[in-house]
Amino acid sequence: MSRYSETYAAWQADPVGFWKQAAQNIDWFSPATQVFNPDAGAYGRWFDGAICNTCYNCVDRHVAAGRGDQPAVIHDSPITGHVARYTFAELQEQVSALAHVLRGLGVAKGDRVVIYMPMVPQAIFAMLACARLGAVHSVVFGGFAAQELATRIDDAAPKVVISASCGIEPGRVIAYKPLLDQAIDQSQHKPEHCVILQRDTLTCDLIAGRDLDYAQAVDAAIAAGAWTDCVPVAATDPLYILYTSGTTGQPKGVVRDNGGHMVALRWTMEHHYGIQPGEVFWAASDVGWVVGHSYICYGPLLHGATTILFEGKPVGTPDAGVFWKVIQDHGVSALFAAPTALRAIRKEDPSGALIGDYDLSSFRTLFLAGERSDPATVDWAQAKLSRPIIDHWWQTETGWPMSGNPVGLGAFPVKPGSPGKPMPGYDIRVLDDEGHPVPPGTLGNIVCKLPLPPSGFPTLWNAPERFVKSYLAEFPGYYATSDAGIIDEDGYVFIMARTDDIINVAGHRLSTGAMEEVIASHPDIAECAVVGKSDALKGQKPLGLFVTNDGSDRDLVELERELVTLVRSKIGAVAAFRTAIEVKRLPKTRSGKVLRGTVQKIADGADYKMPAAIDDPAILDEITAALRARHLIGEPA
Ligand code: COA
Ligand code: AMP
């Protein structure tokens, strides 16, 4: 029997009491004077007045409680052929030493530190070292190019950047240092220092006076017996800023606090993921995304569980059996992955033959999130793994599942295509565009009644007005998720689409607006539109349509290549932008708004209604013909 309903009801009856109780699993230097202060911040703040330290709760308290010899972080890197294990005691030594180095560079409570690193354990040490000092980290995903990094450096204004000489992707080594140097050249704000991890695969030159060698500095600190205490911070102080795609090229700096974040994540490890301290939890994501923040770094460590940092791909490093090998080798209890990863594995090993090569006796549950799980993939995984496959839905903004299926409370029956029911903390509603509730089973805007629970973002860094405008203004009293979906008569949530211009490519959240800004900057382009076209592997892929300047006689193959290169160099390879086709005109409303939704439907070969406000319906036929000419859609039946 699932205890979900009674737990959700207990939260509804007394939300403050619910989180007060959950907070008992966290060590506070001093407790909250007000568990929820409705008068603070834009919609209230959690654990007001409490003093704490997130690193202390992730590391030191476990060492003090006798877990010093338990593995805390396992780095499994099939791409380099290395496996390394760090116990909680070793983690404490590494983190304390790095914190000492950072303090020596002038980093103090409240200062920002940008972390631009591949999937190496030092990325986790860096996050925790910042937390130890009360400094605010901002991790930038390694697949972003220099300009994206520069934008984040300018917004976060870090005192120090922590980076590495290189990242390693299948078949190519990515030199990070030139990207970092280029970003610092481009940015207005200049960090005082960079701490660079030299990797054997490719080392880099350091700039005298600005750059430090990570290993040399940390080793020297350890040799000198340096020790850094955990700095007390307010529960409401920021722990990190994580930039996520918005509707323009300027990313949104989602702010996460210390206290509420700890309470919520610790609760989810036990109740949602059903993990006990000492067990091994693996989120096969990247530290640059929110999943990596919450469930590679903070969640498992707060809970005294072992976390896996996986530097590889679901296929090709070396094959589609690597996920099962990692589970076997490290005794993983639960895996959290993106559906794309499962689709990639299924494509290479449709019969699931490789699964049988490994001992999966430790493995209990597979969690999926980051994008919509297609029922075919879920059914395949269920049939091949014979374990619960749990879809759950959340966002960078919340930091933990808004809907799911709490394995720790006893899972309720899964409905294919649904990421479960609302989690305690989230009063989820579906509203029409005028803000009226819609009946069960009806598609609408998914919103969450304020306040957001602990860990919910209190604001956007440097952009409190944008925070209100983007999230709180449209439906007063509610947080607008920008997802459209349904809640059925049994209370199951279904997420169908984004209501803004965000697309989800291989579980990566990307802004089509940002891509359009880059394409429009090309001198031969008059105007453009980017939409997400359905893709069997990656969920969606960006598709660019462009109109050239009058009189342009550019070779279109060459022009497309330039646009693809431009997006790759400005945003990064992760945008997976490969296709840009010329059209004579873009379809618009009479007021000049590009009808991206209709273009997307045409590109997906889906039925569409002629938009009432369309300026010239013939343009849709032109677009259909252009897509057909490139074999992006089929001929009419
Ligand atoms: N650093 C640098 N480049 C990166 C990168 C990183 N951390 N991550 C991805 N890239 C690059 C890739 O090498 C690729 O480059 P290419 O165009 O030269 O081939 C490009 O960005 C696109 O990457 P991706 O969309 O991931 O495609 P892929 O073909 O490399 O891999 C999958 C396909 C399915 C294996 C991969 O997308 C995957 O593992 N997805 C799961 C994603 C995930 O876990 N998301 C977290 C959400 S929970
Ligand atoms: P991110 O902030 O990168 O985690 O992306 C959040 C967005 O990813 C959500 O707003 C959804 O559009 C999508 N998403 C995440 N998880 C799911 C899921 N389980 N099902 C459907 N969409 C999801």
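One-based numbering, in listed order, for ligands and for the atoms of each. Values in this document were obtained by computation on a predicted structure and should not be read as measured data. Just so you know, residue 1 is the first one in the sequence shown, and it goes up from there. For the numbers below, each heavy atom of this structure counts, side chains included, while hydrogens, waters and symmetry mates do not.
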query = For ligand 1, does Glu371 get within less than 4.0 Å through its side chain, its backbone, both, or neither, judged by non-hydrogen atoms?
reply =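 Near ligand 1, Glu371 shows nothing, with every heavy atom at 4.0 Å or more.
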note = So for Arg568 against ligand 1, with non-hydrogen atoms under 4.0 Å, the contacting part is side chain
query = Is the ring centre of Phe457 less than 6.0 Å from the ring centre of Tyr471?
reply = yes
message = I want to know whether His392 and Tyr273 have ring centres closer than 6.0 Å.
response = yes
Is [X] touching ligand 2 with its side chain, its backbone, both, or neither, if touching means heavy atoms under 4.0 Å apart?
| X | result |
| --- | --- |
| Thr396 | both |
| Ile502 | neither |
| His508 | neither |
| Asp391 | side chain |

ask   = Can a non-hydrogen atom of Gly167 be found less than 4.0 Å from any atom of ligand 1?
value = no
key: Glu371 vs Thr340, side chain to side chain donor-acceptor pair (under 3.5 Å): CA-CA, chis, key distance, verdict   = CA-CA 8 Å; Glu371 58 181 312; Thr340 302; 2.4 Å; yes
ask   = Can you name the residues that form a ring pair (Phe, Tyr, Trp, His ring centres under 6.0 Å) with Phe310, not counting sequence neighbours?
value = Trp282, Phe323
task = Only counting residues at least two apart or in another chain, list the ones meeting side chain to side chain contact (heavy atoms under 4.5 Å, CB included) with Arg630.
result = Glu560, Thr579, Ile581, Leu632
ask   = Quick one: nearest non-hydrogen protein atom to atom 18 (C) of ligand 2, plus distance?
value = Glu371 O, 3.3 Å
query = Could a heavy atom of Trp394 be found less than 4.0 Å from some atom of ligand 2?
reply = yes
